[in-house]
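Notes for the one structure printed next.
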Amino acid sequence: MGITRPGCWGYNNQRRYQRMSSQPVRVRYAPSPTGEPHVGNIRTALFNWLFARRHGGAFIVRIEDTDRDRYIPGAVEAILESLHWLGLDWDEGPTGQAQESHGRHAPYFQSQRLPLYHEAAQQLVSGGHAYRCYCSPQRLEELRKQQAQEKRPPGYDRRCRDLTDAQRREMETQGTPSVVRFRVPQEGHSAVNDLVRGEVTWQNNLLDDFVILKSDGFPTYHLASVVDDHHMGISHVMRAEEWLPSTPRHLLLYQAFGWEPPLFAHLPMILGPDRAKLSKRHGATSVLAYREQGFLPEALFNFLVLLGWSLDDRTEVMSRETVVQHFSLERITKAGAIFNSEKLLWLNGVYIRQLAPEDLANRLVPLLERPASQGGLPDEVARPVDRDYLRRIVPLVQERLKALAEGAELTSFFFVERLEYDPALLVQKGMDREGTLRGLQRVLAAVEALASFDLTSLEAAIRPLVEELGVKAGQLFGAIRVATTGRTAAPPLFQTMEVLGRERCLRKLREAVAKLEATKA
RNA sequence: GCCCCCAUCGUCUAGCGGCCCAGGACGCGGCCCUUUCAAGGCCGAGAUCAGGGGUUCGAAUCCCCUUGGGGGCACCA
């Protein structure tokens, strides 16, 4: 051992970290446009963003679109939209306009940086650190199959590693497609001093000669990310733990190029309820889907921060500023975390309650105005929604909302003309039809006689009826509640009536009376 | 099969050798408040700190092994 000290970058990391702490922090979020980013993915972006903001550094977004087969149109937009919605602003990266970028290392789309990778690959080939491989995908496929059969570790068998110049010329003149593979040193080891995990070491001879340039001329992730991270001056690579196994390859690449590697921090993964890596099959995991369901970006932000990081032993609800102020790599957890959607729902409720009613009303509008089939108010309700009316409704439902999407259900009775409900609901426990009918008729008369229709007058007029009718408050109020809202659970009665207004209340009370009369045997 | 990472209540976590027969939060149960539903308040159940060895006067905290879980092993990222 000890032959390849150069491969042991880790031993110097302590010193390097200190030196770099005075260097500018530059971190990146490097998603691949293969679909809408899910919450686990965006959590990585979040931690990078927090680290950049905490240290006054730069947060860079780079699109890793080096796989034409998996490219999904619209994915870049979805990624940027997700970041934007969560308030994760980037200093360099796509502008959001077509395939444009801004920043001193533009472009930030890898598909637009091909010459850079070609040059890098050529440099490695010239230096003997890489070689062209002419093996066909079919042969590699068979190789893997055989290796699996013999229970041997899969990996390239290095057939083309030591081709003679003549053999190579032969393949080239035949026009055999080729890739470029990295010549992994067969001795020594590579080590990284991971900022969250400490030192991790790998034996070089366990790594195979991985592809760095594909036959279509596009680089693989390994090459592209190393080349870009270097050229873009990335100081810290913070990525999910699934990347840890490929770190030795990256280290070896830096070494071959003669570049100083950035510091690495492998973040814990976000797991589904079954403890497996979170993925689509765990349900709606897309960030944008959470927006559709009425989660507040500040709530999701806060929740995601808590998945793998903590401020102390008790602080959970934190403003974005507080998190930025306190964020540190030292307090990142090592173990993966299950995405607990129930806690997210609770936290969302906390944030909803903190909103100024005016603000909540504004956020509710677009959701309420969606078609009923998409979770909006019943289609019979006119759009746009009456803003002034909504503003008065909001305080009554604010503390009952856990997600904005519940708004339609919680407020629909304020808007619909005719309430649909089972008349039997009007009859409260311990009451009968006659008593209820008499009560509602008495209430109707009292409300009709009201000079002013406000909370105080309503209560002053109705509460005394409890005694007059000889029933319990809950019995009378319950009946009125069903009459005016069509349901047994609703916001406080008098406030609800006040907001509903005189006309709506009278009409609904009359309808209730009519319904009861109609059910008379 | 091989390599790597991880391991405190169901879940998210605090704990970085004595303050811990383990604290907070979600969820759950009960009570209070109350015209319903919420919100809020209080109380409670819930972790022999995965198991076993060490080290130490002393271990959830350090070391080793085992077990369990996860990730990776593509001309995908």
Side-chain angles (χ1 to χ4, degrees), chain A residues 30-34 64-67 69-70 133 135-137 140-141 144 147-148 150-156 177-181 194 196-197 200-203 206-208 210-222 224-225 239-248 266 268-269 271 273 275-277 303 306-317 330-331 333-347 349-350 353 396-402 410 428 462-463 466 472-482 485 487-494:
Chain A
S32 150
T34 54
E64 311 229 321
D65 53 349
T66 54
D67 184 346
D69 296 336
R70 294 207 310 158
C133 165
C135 295
S136 69
L140 297 174
E141 180 67 27
R144 263 192 298 276
Q147 285 164 334
E150 296 167 18
K151 292 191 183 266
R152 294 183 49 79
Y156 182 55
S178 65
V179 301
V180 176
R181 286 183 184 273
D194 190 277
V196 347
R197 276 151 227 283
V200 183
T201 310
W202 297 265
Q203 271 194 288
L206 259 19
L207 303 172
D208 73 345
F210 55 96
V211 173
I212 57 176
L213 202 63
K214 303 184 253 185
S215 58
D216 64 0
F218 278 68
T220 60
Y221 169 81
H222 303 303
S225 70
R239 48 166 36 164
E241 192 195 334
E242 54 189 306
W243 294 107
L244 191 52
S246 54
T247 304
H266 287 92
M269 305 225 294
L271 283 15
R275 289 218 150 270
K277 177 162 80 167
F303 179 72
L306 257 18
L307 248 36
W309 182 84
S310 62
L311 173 56
D312 54 29
D313 62 336
R314 53 195 63 244
T315 313
E316 301 219 280
V317 180
E330 292 71 41
R331 294 195 64 87
T333 326
K334 292 201 250 273
I338 292 177
F339 190 90
N340 183 348
S341 40
E342 287 200 316
K343 187 160 181 173
L344 168 60
L345 198 57
W346 162 76
L347 194 57
V350 170
R353 275 171 250 131
L396 302 189
V397 297
Q398 185 156 20
E399 67 186 30
R400 294 167 175 77
L401 274 177
K402 289 206 159 147
L410 252 44
Q428 299 297 296
I462 297 174
R463 199 175 279 280
V466 169
K472 292 186 199 160
Q475 292 176 319
L476 182 63
F477 295 170
I480 305 174
R481 174 172 301 107
V482 172
T485 69
R487 42 187 90 176
T488 54
L493 185 59
F494 300 120

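Lettering follows sequence order; numbering is per chain, from 1.
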### Task
Sort out the partner of B:C57 for me: Watson-Crick or G-U wobble, both distances under 3.5 Å, none otherwise.
B:G18
### Whichever of A:Asp312 and A:Asp216 has its nearest RNA chain B nucleotide further upstream toward 5'
A:Asp312
### Task
Could you check which nucleotide pairs with B:G1 in any of the strands shown, counting Watson-Crick or G-U wobble with both distances under 3.5 Å?
B:C73
### Message
Considering every strand and a 4.0 Å limit on heavy-atom distances, what is the contact class for A:Pro248: base, sugar-phosphate, or nothing?
### Response
nothing
#### Entry: Full working for side-chain contact (heavy atoms from CB on, under 4.5 Å) between A:Val482 and A:Thr488
CA-CA 6 Å; A:Val482 172; A:Thr488 54; 4.1 Å; yes
### Task
Between B:G44 and B:G54, how far apart are the C1' atoms? Round to whole Å, please.
39 Å
### Task
Answer with base, sugar-phosphate or nothing: what part of the nucleic acid does A:Gly308 contact at a heavy-atom distance below 4.0 Å?
sugar-phosphate
Distances under 3.5 Å between nitrogen or oxygen atoms of protein and nucleotides 2-10 of chain B:
from: B:C5; atom 1: O2'; to: A:Arg197; atom 2: NH1; distance (Å): 2.6
from: B:C5; atom 1: O2'; to: A:Glu241; atom 2: OE2; distance (Å): 3.0

### Message
Taking any heavy-atom pair under 4.0 Å as a contact, classify A:Arg487: base, sugar-phosphate, or nothing.
### Response
nothing
### Message
Please classify the nucleic acid contact of A:Lys151 as base, sugar-phosphate, or nothing, using heavy-atom distances under 4.0 Å.
### Response
sugar-phosphate
### Message
Any base atoms under 4.0 Å from A:Arg314, or only sugar-phosphate, or nothing? Heavy atoms, all strands.
### Response
sugar-phosphate
### Task
Check whether any side-chain nitrogen or oxygen of A:Arg481 sits under 4.0 Å from OP1 or OP2 of B:C37, and answer yes or no.
no
### Query
With sugar-phosphate meaning primed atoms plus P, OP1 and OP2, does A:Pro273 contact a base, only sugar-phosphate, or nothing at under 4.0 Å between heavy atoms?
nothing
### Query
Checking all strands, does A:Lys277 fall into the base, sugar-phosphate, or nothing category for heavy-atom contacts under 4.0 angstrom?
sugar-phosphate
### Task
Could you list the residues that satisfy side-chain hydrogen bond (donor to acceptor under 3.5 Å, both in side chains) with A:Arg239, not counting sequence neighbours?
A:Tyr221, A:Thr247, A:His250, A:His266
### Query
So what does A:Cys133 hit on the nucleic acid, given a heavy-atom distance under 4.0 Å: a base, only sugar-phosphate, or nothing?
nothing
### Value rounded to 0.5 Å, distance of CG in A:Leu207 from CH2 in A:Trp202
9.0 Å
### Message
Using the side-chain contact (heavy atoms from CB on, under 4.5 Å) criterion, which residues pair with A:Lys472? Sequence neighbours excluded.
### Response
A:Gln475
### Query
Contact class for A:Thr488 vs. all strands (heavy atom < 4.0 Å): base, sugar-phosphate, or nothing?
base
### Query
At under 4.0 Å between heavy atoms, what does A:Pro219 touch on the DNA or RNA strands: base, sugar-phosphate, or nothing?
sugar-phosphate
### Task
Using Watson-Crick or G-U wobble geometry with both distances below 3.5 Å, tell me the partner of B:C26, or none.
B:G10
### Task
Quote, to the nearest angstrom, the C1' distance that separates B:C16 from B:C63.
16 Å
### Query
With sequence neighbours excluded, what pairs up with A:Ser341 under the side-chain contact (heavy atoms from CB on, under 4.5 Å) test?
A:Phe339
Protein and nucleotides 61-66 of chain B: nitrogen or oxygen contacts under 3.5 angstrom:
none

### Query
Residues in side-chain contact (heavy atoms from CB on, under 4.5 Å) with A:Lys402, at least two apart?
A:Leu345, A:Glu406
### Query
Is A:Thr34 near enough to B:A77 that one of its side-chain N or O atoms lies under 4.0 angstrom from OP1 or OP2?
no
### Query
What is the nucleic acid contact for A:Arg331, judged by heavy atoms within less than 4.0 Å: base, sugar-phosphate only, or nothing?
sugar-phosphate
### Query
A:Ser32 versus A:Asp67: any side-chain heavy-atom pair under 4.5 Å?
no
### Task
Remember a base hit wins even if backbone is also touched, and classify A:Leu493 as base, sugar-phosphate or nothing at under 4.0 Å, heavy atoms.
base
### Query
If you look at every strand shown and take non-hydrogen atoms under 4.0 Å, does A:Glu64 touch a base, only sugar-phosphate, or nothing?
sugar-phosphate
### Message
Once you apply a heavy-atom cut-off of 4.0 Å, does A:Thr66 come out as touching a base, just sugar-phosphate, or nothing?
### Response
sugar-phosphate
